[in-house]
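Below is one structure; the comments refer to it alone.
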Amino acid sequence: MTYELLNKYILNYLENNKTNSAIMLSGGWGTGKSYYVQHTLKPYIKERGKDCVVVSLYGIKELSEISKAIYMELRMKKISEKLDNEVLKTGWVAVKTIVKGVSGYFGVDLSRDEESLKSLYNSIDLSGKLIVLDDIERSGIDIFELLGYINNLVEQDGIKVLLVCNEDELLKEDPEKVGKEDKDSTSYTKIAIPNYKEKKKKEFLTYDSLRYLEIKEKTVSDTIQFECDLKEAIKSIIGLIDNDILSRFSDEATISDVIRHYQSDNYNLRSFLFACQKTSDIFNGLAPDIDNEDFLKSIFLGICNFSYKIKSGEEPYWNGNEYYSLDYSFEKYPLFRFCYDYILEQNLNLDTVPQCIEHFNIMRMLEVNAQSIEGTLSVLDNYYYYTENDVFKALSELEEALKTSINVSFYSYGKIIGNLIAFRKIMDYDYSNIKELMKANLAQFSDDVDVRSLFRFGTFIDDVEEKQWYDEFVDELKETIRNNSTSIFDFDYKPENVIVFSNNVIKHSDKYLTDGSFAAKLDIDKLFELMTECNSQQVDEIRGMFIELYRPGNIKDFLSSDLESLIILKEKVEKYVADYKGDRIFKQHFVWFIDNLNSIIRKLQR
């Protein structure tokens with residue numbers, strides 16, 4: 001049901017329904033029910049000369065609190081008309097906050113005793129008004145008491161009530177009933193569940209859930225499954241944020257991209273609202289002369305995807321180069337490191353924006369030029385729909401395209417290699433020429449590519465022989481990158497140079513990951529002696545370097561050969577701590593380092 005039809009239905013219920021029953025709007029959390037009520041339904045009802053009172057039951061524990069909340073909401077209209085413009089500029093929430101302080105001015109004495117207040121709240125005239133009770137599944141009131149209260153409103157007092165909830169949370173399955181017949185519940189199995197999804201069979205519901213349905217049938221006449229109009233909701237949220245740059249991305253193409261992405265999973269508009277706010281904060285801090293539209297769009301879409309993941313409970317960790325990560329990319333739009341830091345640490349540091357733009361442009365240059373062979377790559381990806389001759393023709397086109405390094409995106413190499421491996425097995429294809437062209441191309445851009453994002457495809461290969469061929473192919477390409485990368489492993493093991501070295505390691509961490517090791521390349525004896533000569537800040541800097549480099553996403557895939565070196569270092573530090581009798585604060589840094597090394601070693605040993 002569209003918003004327009006839903007509005008008309010609810011208005012008709014308010015004006016013409018004589019059943020003395022409530023109606024319910026049910027939908028999943030984060031799907032935009034509350035946003036629809038506040039920003040679409042409420043204005044619609046008001047434009048037609050009717051009052052719409054919206055009360056959230058989130059956290060409310062007493063029925064009397066509902067009457068109080070309804071009363072206060074109705075008083076807001078009169079209060080807002082009398083308060084001067086300066087006060088109104090503070091916003092509706094602020095008006096509600098200060099109402100207690102000015103209540104005497106409007107003839108509302110909130111210092112009365114509780115019983116007097118109850119009489120006051122219950123005396124209000126709700127006829128002709130739509131009362132919207134939101135978040136009923138999140139209230140602290142027993143659902144059966146709440147339904148009784150609502151039944152009194154609609155049946156005894158003739159009040160029109162719209163209940164807004166996620167009814168899935170009120171209907172619980174009994175684990176002991178699922179897959180079994182419950183003879184005790186036969187008297188309930190005839191209960192109809194209007195518009196209810198079949199994923200929960202009523203014969204499997206708990207006794208309380210079945211009882212809820214029975215009582216609800218007496219109180220609620222219609223249950224409407226809420227279907228969010230994503231296009232309108234996304235446009236509305238972008239407009240609500242009111243940022244000039246962000247508003248550019250309310251175009252049809254961008255909104256279609258966002259909708260396609262959100263519809264691929266259970267969307268959550270709260271995460272989108274959060275993403276828009278964070279994007280607006282960053283846009284407000286950017287230099288006004290930044291006009292790279294594609295870069296600005298990547299800020300927005302990268303934050304959209306990252307926000308959705310963290311709001312869905314995914315544990316965030318950075319797996320990318322110094323400037324961006326493709327792990328949190330929104331299709332072809334990466335998440336930038338400064339955006340990641342702002343969202344997780346509220347640290348808005350835009351110093352790296354010029355470098356981010358530079359590296360983003362390099363990545364985009366490779367992708368844009370690669371669009372000319374999309375048809376060729378599509379044939380290779382979907383080879384099982386084509387003939388052998390079609391595939392050989394596409395392979396010849398690919399080989400020709402690879403003769404110019406920027407005609408094929410490096411970030412498609414992993415998938416291309418997977419296809420080549422398949423053709424080797426199916427058609428005995430010799431891909432040595434293509435491999436040499438790939439190596440030559442990577443040699444030109446070895447300092448610009450993010451190795452961790454190039455070769456992910458191999459993780460999806462199940463065949464042991466094919467996986468071996470894939471790994472051998474990839475190892476040759478990594479060796480090419482390693483041999484042509486700028487050398488950064490140059491350290492003299494002097495305390496005064498620790499901070500510079502640590503910053504350099506973190507800045508170029510992807511180069512160490514390309515090499516496949518870090519600790520194994522260090523002189524462990526010299527490193528340990530260095531730490532004993534450092535001050536507390538310098539030891540902490542070394543610890544931080546190890547923590548950053550050996551994050552969960554790096555350990556198994558890229559640094560698995562460091563286990564022996566890390567064990568040797570840990571043993572040296574443990575002996576030092578056991579024998580050390582000096583400054584206890586300094587000693588504590590080594591104790592913490594032991595904990596860090598133990599954690600890294602355990603993960604490498606799994």
Side-chain angles (χ1 to χ4, degrees), residues 1-29 31-58 60 63 66-67 69-70 73-74 125-139 141 143-171 191-197 200 202 209 211-229 233:
M1 187 182 291
T2 65
Y3 286 177
E4 181 181 1
L5 290 175
L6 189 53
N7 286 343
K8 288 180 178 179
Y9 170 82
I10 295 172
L11 180 64
N12 181 66
Y13 162 77
L14 174 60
E15 293 181 334
N16 303 314
N17 192 284
K18 310 297 185 191
T19 63
N20 287 354
S21 60
I23 58 174
M24 177 179 285
L25 185 64
S26 176
W29 286 335
T31 53
K33 302 185 302 297
S34 299
Y35 192 88
Y36 157 75
V37 168
Q38 289 288 358
H39 297 276
T40 301
L41 176 63
K42 193 172 180 180
Y44 176 84
I45 296 294
K46 184 178 180 181
E47 286 170 4
R48 280 142 187 86
K50 304 289 185 179
D51 279 332
C52 180
V53 181
V54 182
V55 172
S56 172
L57 303 192
Y58 192 107
I60 288 183
L63 293 175
I66 303 177
S67 299
I70 294 172
E73 284 291 327
L74 285 170
D125 180 13
L126 298 178
S127 58
K129 299 176 177 61
L130 178 67
I131 307 302
V132 181
L133 301 182
D134 197 0
D135 298 312
I136 68 171
E137 78 281 10
R138 295 183 178 187
S139 85
I141 305 171
I143 186 61
F144 303 115
E145 288 185 38
L146 182 58
L147 286 174
Y149 172 86
I150 294 165
N151 187 66
N152 282 335
L153 288 179
V154 296
E155 190 172 273
Q156 304 300 323
D157 302 332
I159 296 168
K160 300 299 173 62
V161 177
L162 169 64
L163 307 177
V164 181
C165 68
N166 178 1
E167 195 175 23
D168 281 358
E169 296 301 312
L170 296 172
L171 294 166
I191 297 174
I193 309 180
N195 303 317
Y196 187 65
K197 300 174 187 176
K200 290 179 182 175
K202 52 183 174 291
S209 295
R211 186 172 162 229
Y212 155 77
L213 285 172
E214 187 178 41
I215 297 173
K216 175 197 168 188
E217 187 181 29
K218 183 175 184 293
T219 305
V220 179
S221 59
D222 285 333
T223 299
I224 309 143
Q225 290 298 321
F226 180 75
E227 296 176 4
C228 177
D229 185 334

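In this chain, numbering begins with 1 at the start of the sequence shown. These numbers come from a predicted model, not from an experiment.
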Original post:
Would S221 and I23 satisfy side-chain contact (heavy atoms from CB on, under 4.5 Å), going step by step from the backbone distance to the final call?
Top reply: CA-CA 6 Å; S221 59; I23 58 174; 3.8 Å; yes
Original post:
So which heavy atom on N20 is nearest to which on G158, and how close?
Top reply: OD1-CA, 4.3 Å
Original post:
Side chains of D135 and I60: closer than 4.5 Å at any heavy-atom pair?
Top reply: no
Original post:
Are L213 and L171 close enough, and set up right, to give a side-chain contact (heavy atoms from CB on, under 4.5 Å), and what steps lead you there?
Top reply: CA-CA 8 Å; L213 285 172; L171 294 166; 3.7 Å; yes
**OP:** Kindly indicate, with the supporting measurements, whether the criterion salt bridge (charged side-chain N to carboxylate O under 4.0 Å, His left out) is fulfilled by K218 and E155.
**Re:** CA-CA 10 Å; K218 183 175 184 293; E155 190 172 273; 3.6 Å; yes
Subject >> Check: I45 and L11 side chains under 4.5 Å, non-hydrogen atoms >> reply: yes
Original post:
Nearest heavy-atom pair of F226 and G27: which atoms, and what distance?
Top reply: CB-CA, 4.3 Å
Original post:
Counting N and O atoms only, with roles assigned by atom type, does the side chain of S26 sit under 3.5 Å from a partner on the main chain of E167, one being a donor and the other an acceptor?
Top reply: yes
Original post:
Quick one: does R138's side chain get under 4.5 Å of E169's, heavy atoms only?
Top reply: no
Original post:
Is the closest side-chain heavy-atom distance between V132 and L25 below 4.5 Å?
Top reply: no
Original post:
Taking side chain as C-beta onward, heavy atoms only, is V55 less than 4.5 Å from I131?
Top reply: no
Subject >> Rounded distance [0.5 Å steps], CD1 in I215 versus CD1 in I143 >> reply: 9.0 Å
**OP:** Can you measure from OG1 (T40) to CD (E4) and round to the nearest 0.5 angstrom?
**Re:** 11.5 Å
**OP:** Drop me the distance from D134's CG to S139's OG, to the nearest 0.5 angstrom.
**Re:** 11.5 Å
Original post:
E145: what forms a salt bridge (Lys or Arg N to Asp or Glu O under 4.0 Å) with it, not counting sequence neighbours?
Top reply: none
Original post:
Is any side-chain heavy atom of I136 closer than 4.5 Å to a side-chain heavy atom of L170?
Top reply: yes
Original post:
Can you name the ring-ring contact (aromatic ring centres under 6.0 Å, His included) partners of Y3, sequence neighbours left out?
Top reply: Y36
Original post:
Which heavy atom in L130 sits nearest to a heavy atom in L41, and how many Å separate them?
Top reply: CD2-CD2, 4.3 Å
Original post:
What distance separates L5 CG from I10 CD1, expressed to the nearest 0.5 Å?
Top reply: 11.0 Å
Original post:
Are side-chain heavy atoms of L57 and I141 found at a separation under 4.5 Å?
Top reply: no
**OP:** Kindly compute the distance separating OH (Y212) from CD (E217), expressed to the nearest 0.5 Å.
**Re:** 12.0 Å
Original post:
Does the pair D222 and Y9 meet the rule for a side chain to side chain donor-acceptor pair (under 3.5 Å), with working shown?
Top reply: CA-CA 11 Å; D222 285 333; Y9 170 82; 2.5 Å; yes
Original post:
Where the side chain of K160 meets the backbone of L14, is there a donor-acceptor pair that is under 3.5 Å apart?
Top reply: yes
**OP:** Check L147 against K216 and note the closest heavy-atom contact, atom names and distance.
**Re:** CD1-N, 4.2 Å
Subject >> Donor-acceptor contact present, side-chain K33 to main-chain G28, <3.5 Å >> reply: yes
Original post:
In Å, rounded to the nearest 0.5 Å, how long is the span from CG of L133 to CG of L153?
Top reply: 7.5 Å
Subject >> Stepwise side-chain contact (heavy atoms from CB on, under 4.5 Å) check, S67 with Y149 >> reply: CA-CA 10 Å; S67 299; Y149 172 86; 3.1 Å; yes
